[in-house]
Amino acid sequence: SYADVLGKFRARQIDILIGTQMIAKGLDFPNVTLVGIINADIGLHSPDFRAGERTFQLLTQVAGRAGRGETEGEVIVQTFSPASPSLQHARHHDFTGFYEQEISFREAFRHPPFARMLLVRVRGVSAERTSHAAAAVARKLKSLAPDSVEVSESAPAPLERSHGQYRFHVILKSSFGAVLGKLARELLSSMTLPEDVVMTLDVDPYSLM
């Protein structure tokens, strides 16, 4: 059905195409002259340090669908945060400006690439048991971690409940990836959790959701 819709759009049997982010990439229709982006803030305000980068990337990709032929294109963005650096830099196709500002934020808060990160996810069907287990994991990590490692308190994941399970996070940061790897192995070998609670470790996670 996806290929059928795109075929009709290319043949000009359809004039307006409405879709999710999947229509933002890889489509080349010379006759598209107007692109509208609804609720651009949804990704921008997600609790992930890469939110601004992802928003900039998406806006740039979507905007690139308009004006690919001889006729100039126009892009309209709906946002509650028009002054956001991600939106303003995307508006002007300013890749260098966005990079310079974003990399300064990363350095100030010791986010990658200025530190390595380990995300410990603890999930289970019982909110109480999972919360207690995550708190125990955080305490254990604090007792094992050297001074070169920052260990957060346990906290509910941004998406706290998914597929019937409650989810909690503990985040570790260090300048030394080998130290995080050693700490992860020590945690796995020494931590015992309830049978209905699962712990996973994600080194340099792509998403904190």
Side-chain angles (χ1 to χ4, degrees), residues 41-58 60 81 84-86 89-90 94-163 165-209:
D41 304 280
I42 290 179
L44 183 62
H45 298 307
S46 65
D48 190 320
F49 71 90
R50 291 189 179 93
E53 177 187 354
R54 292 197 180 104
T55 299
F56 175 83
Q57 178 188 40
L58 180 63
T60 303
S81 310
S84 162
S86 297
H89 286 301
D94 184 7
F95 293 90
T96 302
F98 175 76
Y99 168 80
E100 289 174 349
Q101 180 161 304
E102 184 70 13
I103 205 71
S104 69
F105 292 158
R106 301 277 183 96
E107 184 174 19
F109 292 100
R110 292 196 71 232
H111 288 321
F114 297 97
R116 303 293 299 276
M117 185 176 287
L118 174 65
L119 172 62
V120 182
R121 292 186 175 98
V122 181
R123 55 185 172 84
V125 294
S126 165
E128 184 178 7
R129 284 196 299 273
T130 307
S131 175
H132 288 166
V137 168
R139 289 194 299 271
K140 185 69 173 180
L141 285 167
K142 288 178 183 291
S143 71
L144 294 172
D147 293 339
S148 60
V149 178
E150 297 177 32
V151 182
S152 76
E153 300 294 335
S154 63
L159 184 60
E160 184 174 356
R161 194 165 187 261
S162 176
H163 296 89
Q165 293 189 319
Y166 293 91
R167 307 158 75 242
F168 291 81
H169 286 175
V170 180
I171 297 175
L172 294 81
K173 290 193 289 188
S174 174
S175 299
F176 309 101
V179 173
L180 289 181
K182 180 175 182 292
L183 197 55
R185 290 189 292 272
E186 291 178 355
L187 177 67
L188 290 172
S189 63
S190 62
M191 196 74 205
T192 301
L193 297 175
E195 289 185 0
D196 60 343
V197 174
V198 176
M199 177 177 67
T200 59
L201 282 67
D202 189 354
V203 179
D204 292 330
Y206 180 68
S207 173
L208 299 181
M209 297 299 290

If I take atom CG from residue L44 and atom OG from residue S81, how far apart are they, to the nearest 0.5 angstrom? 5.5 Å
Could you tell me whether a side-chain N or O of S104 sits under 3.5 Å from a main-chain N or O of Q101, the two making a donor and an acceptor? yes
Would you say S189's side chain and E186's backbone share a donor-acceptor pair under 3.5 angstrom? yes
Could you tell me whether the side chain of V170 reaches within less than 4.5 Å of the side chain of V122, counting heavy atoms only? no
Apply ring pair (Phe, Tyr, Trp, His ring centres under 6.0 Å) to F109 and list each qualifying residue two or more places apart in sequence or on a separate chain. none
Sequence neighbours excluded, the answer for ring pair (Phe, Tyr, Trp, His ring centres under 6.0 Å) partners of H111 is F49
Give a yes or no answer on whether the side chain of S154 reaches the backbone of A138 with a donor-acceptor pair at less than 3.5 Å. no
As a test of understanding, state which of V179, L172, L180 forms a side chain to side chain contact (heavy atoms under 4.5 Å, CB included) with R116. L180
Report yes if the side chains of R110 and E150 come closer than 4.5 Å at any heavy-atom pair, otherwise no. yes
Taking side chain as C-beta onward, heavy atoms only, is M199 less than 4.5 Å from L188? yes
Between the side chain of R167 and the main-chain N/O of L159, is any donor-acceptor distance below 3.5 Å? yes
Can a donor-acceptor pair be found between the side chains of S86 and R54 at a distance below 3.5 Å? no
Angle between ring planes, F98 versus F56, binned at 30° and 60°: parallel, tilted or perpendicular? parallel
Taking the side chain as C-beta and beyond, is there a heavy-atom pair between S207 and D48 under 4.5 Å? yes
State which residues pass ring pair (Phe, Tyr, Trp, His ring centres under 6.0 Å) with F168; sequence neighbours excluded, sorted by chain then number. none
Verify, without hydrogens or angle tests, whether R106 (side chain) and P112 (backbone) share a donor-acceptor contact under 3.5 angstrom. yes
Taking atom CD of E153 and atom NE2 of H169, what is their separation to the nearest 0.5 Å? 15.5 Å
Point-to-point distance, once rounded to the nearest 0.5 Å, from NZ of K173 to CE of M117: 5.5 Å
Please tell me if the side chains of L58 and T55 come closer than 4.5 Å, counting only heavy atoms from C-beta onward. no
Can you confirm whether K142 is buried at NZ, in the sense that more than 12 heavy atoms of other residues, nucleotides or ligands lie under 6.0 Å from that atom? yes
For the residue pair P156 and R161, establish whether any side-chain heavy-atom pair is separated by less than 4.5 Å. no
Quick one: CZ on R185 to CG on L201, what's the gap to the nearest 0.5 Å? 11.5 Å
Supply the atom-to-atom distance R50 CZ to E102 CD, rounded to the nearest 0.5 angstrom. 10.0 Å
Atom CG of L208 and atom CG of L119: how far apart are they, to the nearest 0.5 Å? 6.0 Å
Is there a donor-acceptor pair under 3.5 Å between the side chain of S46 and the backbone N or O of A51? no
Are V197 and S126 packed together at the side-chain level, in the sense that at least one heavy-atom pair is separated by less than 4.5 angstrom? no
Looking at F114, I want to see if its CZ is surrounded by more than 12 non-hydrogen atoms of other residues, nucleotides or ligands under 6.0 Å. yes
Quick one, L141 with V149, criterion side-chain contact (heavy atoms from CB on, under 4.5 Å). Give me CA distance, side-chain angles, the key distance, then yes/no. CA-CA 10 Å; L141 285 167; V149 178; over 6 Å; no
Side chains of S190 and L144 in contact at under 4.5 Å (non-hydrogen atoms): yes
Minimum heavy-atom separation for F95 to T60, with atom names? CZ-CG2, 3.5 Å
